> 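Can you keep this structure in mind? I'll have questions shortly.
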Amino acid sequence: MRIAVTGSIANDHLMTFPGRFADQFVADQLHTVSLSFLVDKLDVRRGGVGANIAFGMGQLGTKPILVGAAGQDFDEYRAWLDRHGVDTASVRISETLHTARFVCTTDADHNQIGSFYTGAMSEARLIELKTVADRVGGLDLVSIGADDPEAMLRHTEECRSRGIPFAADFSQQIARMDGDEIRILLDGATYLFSNEYEKGLIESKTGWTDAEILSKVGHRVTTLGAQGVRVERAGEAPIEVGCPDEERKADPTGVGDAFRAGFLSGLAWGVSLERAAQVGCMLATLVIETVGTQEYRLRRAHFMERFAKAYGDEAASEVRVHLS
């Protein structure tokens, strides 16, 4: 099963300021702030929802096709993804813009000041999925994740016009979208991904009830944080899957992307929706135990041992054959 993953590709520059931002502001001078913080820690990490999901799928051996836009500075990131089983040949490289970048400083009170540079991400709207499909011999599913909004709309319309099944996954972009845009992006989706808060926001912005949305998509996949995930289909009982026990909680960033990577990999393998959701929850657990979105290692024996402990030997035997 050939799955293309569209979405943002970004670098994160995360800095730590040992003091408190609040101590540096003068109340009657806030209209003319000019500050520079001397930071004592910098972490540069690979990120972007499209790249994060593709990385996780690559770790599981499902050979995802990453579709997005990056800058001339993408060479090292591309090599990293290539080494981890991601097809990056359909990433558009901008001639003038840098790869999208998030720059954030966190103080001792965990307050943050950040900026997001969209950069080359704005050129994702220029990518035609037909070109991608022709290169790889057709696409069985396109996951349309948070990206340049125009790109998300273009990819969705192209999937509809060409009859390619697609998954709608707005995540961070839902905040800037209005009801009309959300209705366009989800109508006819084979899968609709969201967390529980986004689920309510989708219903509020579209004016559609949960039942109405279920009638317009094939499956609604809602992540529930520590409670796991719920997969729904109109007229059928929901599938609910819990999370494996965590060994530690290091960093929640990228957990949702990891779940999607595992779930989509399960679809690529052809296992049941329940098994796909279990694989997603297991991979998400590995990510929450690691600082960074692509810093975890998937050791197959360890993965299957924990999977069997969480979901039983029968479930593990169905998944193990795909990880051998």
Side-chain angles (χ1 to χ4, degrees), residues 3 5-8 47-57 59-60 64 141 143-147 152 166-175 177 182 185-186 189-206 210 213-214 217-233 236-246 249-268 271-290 292-294 296 303 306-307 310-311 315 319:
I3 299 178
V5 178
T6 79
S8 59
V49 297
N52 289 343
I53 294 170
F55 175 84
M57 294 178 69
Q59 290 278 277
L60 290 166
L141 180 70
S143 175
I144 301 174
D147 203 347
M152 296 172 72
F166 67 95
D169 184 13
F170 322 125
S171 57
Q172 294 98 323
Q173 291 292 30
I174 193 172
M177 291 178 173
I182 295 172
L185 290 170
L186 73 80
T190 305
Y191 301 94
L192 171 61
F193 290 101
S194 71
N195 61 34
E196 199 163 26
Y197 182 81
E198 291 164 349
K199 177 181 183 292
L201 197 55
I202 289 168
E203 292 164 13
S204 174
K205 287 194 171 190
T206 61
D210 180 48
I213 291 174
L214 274 177
V217 303
H219 305 82
R220 191 168 196 185
V221 184
T222 307
T223 55
L224 309 171
Q227 280 67 54
V229 63
R230 181 173 59 248
V231 182
E232 300 171 278
R233 185 170 189 173
E236 297 184 8
I239 298 167
E240 297 188 350
V241 170
C243 287
D245 293 335
E246 301 165 0
K249 184 174 291 189
D251 180 9
T253 309
V255 169
D257 297 337
F259 169 79
R260 287 150 175 78
F263 186 87
L264 292 171
S265 293
L267 297 180
V271 299
S272 67
L273 291 172
E274 181 182 18
R275 295 289 176 266
Q278 290 168 343
V279 174
C281 288
M282 187 68 252
L283 195 66
T285 300
L286 295 186
V287 172
I288 204 170
E289 295 171 351
T290 309
T293 60
Q294 297 179 29
Y296 62 96
F303 182 93
R306 295 185 63 182
F307 188 93
Y311 303 117
V319 170

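This is a predicted model, so every value here is computed, not measured.
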> Are the side chain of Thr253 and the backbone N or O of Gly292 linked by a donor-acceptor pair below 3.5 Å?
no

> Distance check, rounded to the nearest 0.5 Å: Tyr311 atom OH versus Glu274 atom CD?
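These two atoms lie 9.5 Å from each other.
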
> Working to the nearest 0.5 angstrom, can you tell me the gap between Met57 CE and Leu264 CG?
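Rounded to the nearest 0.5 Å, the CE-CG separation comes out at 5.0 Å.
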
> From the options Thr223, Val231, Val229, Leu283, select the one residue that forms a side-chain contact (heavy atoms from CB on, under 4.5 Å) with Phe263.
Val231

> Quick one, Asn195 and Phe259 - any side-chain contact, counting heavy atoms below 4.5 Å?
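No, too far: nothing below the 4.5 Å cut-off.
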
> Quick one: OG1 on Thr190 to NE2 on His219, what's the gap to the nearest 0.5 Å?
8.5 Å

> To the nearest 0.5 angstrom, please state how far the OG1 atom of Thr206 sits from the CE atom of Met177.
13.5 Å

> Ser204 side chain to Gly200 main-chain N or O, any donor-acceptor pair under 3.5 Å?
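Such a contact is absent between Ser204 side chain and Gly200 backbone.
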
> Is there a side chain to side chain contact (heavy atoms under 4.5 Å, CB included) between Ser143 and Phe166? Walk through the geometry before answering.
CA-CA 6 Å; Ser143 175; Phe166 67 95; over 6 Å; no

> How far apart are the closest heavy atoms of Ala276 and Gly266, and which atoms are they?
CB-CA, 3.9 Å

> If every non-hydrogen atom of Gly262 is compared with every non-hydrogen atom of Val279, which pair is closest and at what distance?
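Nearest pair, atom of Gly262 first, then Val279: O-CG1, 3.6 Å.
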
> Which heavy-atom pair separates Glu246 from Ile288 by the least distance, and what is that distance?
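Closest pair (atom of Glu246, atom of Ile288, distance): OE2-CD1, 3.8 Å.
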
> With sequence neighbours left out, what residues match Glu240 under side chain to side chain contact (heavy atoms under 4.5 Å, CB included)?
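For Glu240, the residues satisfying side chain to side chain contact (heavy atoms under 4.5 Å, CB included) (neighbours in sequence not counted) are Arg230.
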
> Using distance alone, with no hydrogens and no angle criterion, decide if Thr6 and Asp147 have a side-chain donor and acceptor under 3.5 Å apart.
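Absent: no donor and acceptor within the cut-off.
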
> Would you check, one step at a time, whether the test salt bridge (Lys or Arg N to Asp or Glu O under 4.0 Å) holds for Glu289 with Arg306?
CA-CA 13 Å; Glu289 295 171 351; Arg306 295 185 63 182; 2.7 Å; yes

> Is there a side chain to side chain contact (heavy atoms under 4.5 Å, CB included) between Lys199 and Ile202? Walk through the geometry before answering.
CA-CA 5 Å; Lys199 177 181 183 292; Ile202 289 168; 5.7 Å; no

> Could you go step by step and tell me if Phe303 and Tyr296 meet the ring-ring contact (aromatic ring centres under 6.0 Å, His included) rule?
CA-CA 12 Å; Phe303 182 93; Tyr296 62 96; 9.7 Å; no

> If you look at every heavy atom in Cys243 and Gly225, which pair is closest and at what distance?
SG-O, 3.7 Å

> Considering all heavy atoms of both residues, which atom of Ile3 and which atom of Ala268 are nearest to each other, and what is their separation?
CD1-CB, 3.9 Å

> With rounding to the nearest 0.5 angstrom, report the CD to CD distance, Glu198 to Gln173.
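Those atoms lie 11.5 Å apart.
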
> Please list, chain by chain and in numerical order, all residues satisfying side chain to side chain contact (heavy atoms under 4.5 Å, CB included) with Asp169, sequence neighbours excluded.
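Asp169 satisfies side chain to side chain contact (heavy atoms under 4.5 Å, CB included) with Ile53, Ser171, Phe193, Arg260 once adjacent residues are dropped.
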
> Could you tell me if the side chain of Asp257 sits less than 4.5 Å from the side chain of Phe55, heavy atoms only?
no

> In Å, rounded to the nearest 0.5 Å, how long is the span from OG1 of Thr222 to CD of Gln227?
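So the OG1 of Thr222 and the CD of Gln227 are separated by 13.5 Å.
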
> Looking at Leu192 and Val217, what are the two nearest heavy atoms and their distance?
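Reported closest heavy-atom pair: CB-CG1, 4.2 Å.
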
